[in-house]
Amino acid sequence: MLNLILFGPPGAGKGTQAEYLIEKFGLIHLSTGDLLRSEIAAGTPLGLEAKKNMDKGELVPDEVVIGMIKNKLDANKQVKGFIFDGFPRTVEQAGALDKLLEENGTPVSGMLSLEVEKKELIARLLSRGKTSGRSDDQDESIIENRIQVYNEKTSPLKRYYTAQKKHFCINGMGSVEDIASRLETTVGKL
Ligand code: AP5
Ligand code: MG
């Protein structure tokens with residue numbers, strides 16, 4: 001199985017590039033952000049609770065997102081692999097993912113980290129905010145907070161996967177197609 005983690009700060013292009021990778025390698029896309037937004041849209045208690053954190057650009061509690069991923073892994077056996085987008089985001093989540101995948105006998109293949117300048121991240125998110133309806137894209141101070149939360153809580157995961165020799169840096173600046181081809185080359189070597 002091919003289990004890829006698509007990693008990077010808000011606006012790095014995780015969702016955009018995941019679309020290319022699922023097509024190319026026949027993987028199941030698991031985006032915790034998308035799953036949470038579906039819960040909000042459905043008005044579930046989980047969604048309503050998560051929305052409070054998401055609107056501020058803060059993380060949703062680990063146990064909530066770990067539970068969602070566990071459900072999805074259990075519901076998708078016998079597949080070619082997964083692309084994890086926006087998960088894991090804390091060391092605790094990374095440990096939980098290792099454990100869940102171990103139970104299925106299929107480890108993380110690689111963590112692909114999209115590197116994008118902060119100015120570009122803010123420009124992309126503000127631009128998307130005009131049409132996305134995402135409350136966390138509307139306000140530059142919330143976007144700044146999302147980036148800060150990434151730097152403090154999520155970026156340390158690069159060390160976690162470097163220690164496992166699974167961390168790969170990808171230049172996330174430039175055209176969507178060029179970035180997709182960089183990712184494809186790296187995945188081809190895994
Ligand atoms: P989540 O939905 O994961 O959002 P995010 O990580 O903040 O990042 P985005 O989805 O905004 O960006 P992206 O990297 O996917 O980029 P995209 O391809 O969309 O999380 C939202 C919230 O949910 C979190 O803040 C948290 O509260 C909660 N949450 C989610 N997961 C969690 C977890 N595991 N633990 C705890 N809480 C969690 O691109 C962005 C824009 O740029 C688009 O408009 C796109 O068209 C454009 N674009 C993409 N590539 C390019 C390019 N090469 N050039 C120009 N524009 C481009
Ligand atoms: Mg996304």
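Counting starts at 1 for both ligands and their atoms, in listed order.
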Any nitrogen or oxygen of [X], main chain or side chain, under 3.5 Å from a nitrogen or oxygen of ligand 1?
X    : value
R134 : yes
G57  : no
G172 : no
Q93  : yes
V60  : yes
D136 : no

Can you tell me which residue and heavy atom of the protein come closest to [atom], and the distance to 0.1 Å?
atom                    : result
atom 46 (O) of ligand 1 : T16 OG1, 4.2 Å
atom 3 (O) of ligand 1  : R89 NH1, 3.1 Å
atom 11 (O) of ligand 1 : R128 NH2, 2.6 Å
atom 7 (O) of ligand 1  : R146 NH2, 2.8 Å
atom 15 (O) of ligand 1 : G15 N, 3.0 Å
atom 12 (O) of ligand 1 : G11 N, 3.0 Å
atom 31 (N) of ligand 1 : T32 OG1, 2.8 Å

Test: K158 and E115 ion pair at under 4.0 Å: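 E115 and K158: salt-bridged.
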Side chain, backbone, both or neither: L59 near ligand 1, heavy atoms under 4.0 Å: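 Near ligand 1, L59 shows its backbone as well as its side chain.
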Part of L36 within contact of ligand 1 (heavy atoms, under 4.0 Å):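 The answer is the side chain of L36.
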How about [X]: does its [atom1] atom have over 12 heavy atoms from other parts shown lying under 6.0 Å from it?
X    : atom1 : answer
K130 : NZ    : no
K166 : NZ    : yes
K80  : NZ    : no
E120 : CD    : yes

Give the numbers and elements of all ligand 1 atoms closer than 4.0 Å to a heavy atom of [X].
X    : value
P9   : 14 (O)
I179 : 53 (N)
E58  : 26 (C), 27 (O)
R37  : 2 (O), 21 (C)

Is the side chain of [X] donor-acceptor paired with the backbone N or O of [Y] at a distance under 3.5 Å, no angle test?
X    : Y    : value
T162 : K165 : no
N104 : T106 : no
R124 : G11  : yes
Q148 : E144 : no
N171 : I179 : no

Non-neighbouring partners of D98 that pass side chain to side chain donor-acceptor pair (under 3.5 Å), sequence neighbours left out: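 For D98, the residues satisfying side chain to side chain donor-acceptor pair (under 3.5 Å) (neighbours in sequence not counted) are Y160, Q164.
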Ring centre gap for Y150 and F7 strictly below 6.0 Å: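 That pair passes the under 6.0 Å test.
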Proximal candidate to atom 53 (N) of ligand 1 [heavy atom criterion; set G33, G13, G174]: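 It is G174 that holds the nearest heavy atom.
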Proximal candidate to atom 50 (N) of ligand 1 [heavy atom criterion; set K14, M54, R124, K56]: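 Ranked by closest heavy atom to atom 50 (N) of ligand 1, first place is R124.
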L125 to ligand 1, any heavy atom closer than 4.0 Å: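 Distance cut 4.0 Å: L125 passes for ligand 1.
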Partners meeting salt bridge (Lys or Arg N to Asp or Glu O under 4.0 Å) with D34 (sequence neighbours left out):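 If we apply the salt bridge (Lys or Arg N to Asp or Glu O under 4.0 Å) test to D34, skipping adjacent residues, the hits are R37.
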